[in-house]
Amino acid sequence: LIFSSIFEAFAQIESNNIYYKIQSYSEFTATVADLPGNKTCSGAKEIPNLVTDEFGIYRHPYKVIAIEPSAFKGNTKLTSIYIPILYMNSIGDDAFNGCTALKKVTIANKAVIFGTEYPAAITFIGKKAFYGCTNLNTITIPSSTKHIGDEAFYGCTALTQIYSYMDSPNIANWNYPAYSAYEEIFSEVTYSKATLYVPKGCAKYYKQSGIWSKFKNIVEFNTAQIDEIKVDDNGQNVTLWYDLCGRVFNQKPTEPGVYI
C-alpha cells in the first residue's frame, strides 16, 4: 500500500493549478485527473496540449488526451475553460457537473501551428459532462465530435450561445445508436432561449435532425475564415467584432479574448 501511494504521487503532474495523472510512460500520455485539487481551482483555465513532469527524472512532456470522469465535478470557482485540440479526445461523464460559476466552455475546433493546420481530436463528450452549470452561457462543439452523452448540457439554464462546427449533426444527438429517443442533451428552456450557430450551408440539416430541430433560433456562420470587417461611416468605430474562430458579434464582446 505504501509503495502504491508513492507511485501514484509520482504519477501526478500539477500545472497552473490543474492536476494531471500520467497514463503511459512509454507513450507519454496524461489525463486531467479526478483529484481534489481540480475541485477547488478558480478563475479562467486553459488546458494545454502538453504538460511536463518538472519533478520527474526525464522531465518529458506528456500529451493531454482526456478529461477524466468527475475531474472538476462540484467546482464552484472555475469561471471558464479552454480545451485544446491536438491530443484531447474525450471529456468524461460528469467532468464539469455542478460547476456553477462556469460561464464559458471553448473546445477548440482547429489550430494553425508553424503553418500547418490541425483539426480537433475530440470525439466524445460524456453523460452529464456539464450538467447543472447554471451560469454557463457559451459553448463551442468541434467538428470532430461523434458523440454527446445524455444530459451533457442539461440544467445549463443561462445558455444563450452554442457554436457547433459539426457538418453532420445526426452523429452527435439521440440518433446515436447507444441512446433512445427519450434522452436529451439540453434543457427545454435552452431550445427557445439559446441561439444555435452552425456552419454555412448546414442549417437545413440541423432543422431536420433530432434534438437540434427543436432550437427556435438557428443561425449559420463562417467556420473557416473571416469574410469581411465592417466599420462605420467615419472609418473609426468598429460596428462588427470577430474572434479568432471567425465568429461575429454585433456589439463589443464582454468575454476576455482576442478580437478583430
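Everything quoted here is computed from the prediction, not taken from an experiment.
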How long is the gap from [atom1] on [X] to [atom2] on [Y], to the nearest 0.5 Å?
X	Y	atom1	atom2	answer
Asn97	Cys133	CG	SG	7.0 Å
Thr29	Tyr62	OG1	OH	9.0 Å
Phe130	Ile148	CZ	CD1	10.0 Å
Phe221	Cys202	CZ	SG	10.0 Å
Thr223	Lys200	OG1	NZ	9.5 Å
Thr140	Ile83	OG1	CD1	8.0 Å

For the student: nearest non-hydrogen atoms of [X] and [Y], plus distance:
X	Y	result
Ala108	Pro142	O-CB, 3.7 Å
Asn75	Cys41	ND2-O, 2.9 Å
Ile67	Ala71	CG2-CB, 3.7 Å
Pro199	Ser164	CD-O, 3.1 Å
Tyr87	Leu50	CE1-CD2, 3.8 Å
Ser213	Lys207	CB-O, 3.1 Å

Does some side-chain heavy atom of [Y] sit less than 4.5 Å from a side-chain heavy atom of [X]?
X	Y	answer
Tyr154	Thr190	no
Leu196	Val219	no
Leu102	Ile81	yes
Val32	Ile47	yes
Tyr20	Ser15	yes
Lys214	Glu188	yes
Ile218	Val198	yes
Ile211	Tyr191	yes

Side-chain ion pair, Lys73 and Glu68, N-O less than 4.0 Å
no
Basic-acidic side-chain contact under 4.0 Å: Lys128, Glu151:
yes
Examine Phe215 together with Phe186 and report whether their ring centres are nearer than 6.0 Å.
yes
Worked verdict on Ser143 versus Asn109 for side-chain hydrogen bond (donor to acceptor under 3.5 Å, both in side chains):
CA-CA 6 Å; Ser143 57; Asn109 186 59; 3.1 Å; yes
Short side-chain to backbone donor-acceptor contact, [X] and [Y], under 3.5 Å:
X	Y	result
Gln23	Ala30	no
Asn135	Thr100	yes
Asn49	Leu86	yes
Lys146	Phe124	no

Co-membership, hydrophobic cluster, residues [X] and [Y], 4.5 Å side-chain:
X	Y	value
Met166	Ile91	yes
Leu159	Ile141	yes
Tyr82	Met88	no
Ile107	Ile139	yes
Val51	Phe28	yes

Test Lys45 against Leu78 for side chain to side chain contact (heavy atoms under 4.5 Å, CB included), laying out the working first.
CA-CA 8 Å; Lys45 293 296 180 184; Leu78 186 67; 3.5 Å; yes
On the 0 to 90° scale, with breaks at 30° and 60°, tag the Trp212-Tyr206 ring pair as parallel, tilted or perpendicular.
perpendicular
Take the angle between the ring planes of Phe72 and Phe96 and call it parallel below 30°, perpendicular above 60°, tilted in between.
parallel
Who are the salt bridge (charged side-chain N to carboxylate O under 4.0 Å, His left out) partners of Lys63, not counting sequence neighbours?
none
Any side chain to side chain donor-acceptor pair (under 3.5 Å) involving residues 33-44? Give me the pairs, sequence neighbours left out, ordered by first then second residue.
Asp34-Lys39
Which pairs pass ring pair (Phe, Tyr, Trp, His ring centres under 6.0 Å) with one or both residues in residues 30-50, sequence neighbours excluded?
none
Sole candidate of Thr138, Asn137, Leu136 that passes side-chain contact (heavy atoms from CB on, under 4.5 Å) when paired with Lys103:
Asn137
Side chains of Gln161 and Thr195, donor plus acceptor under 3.5 Å
no
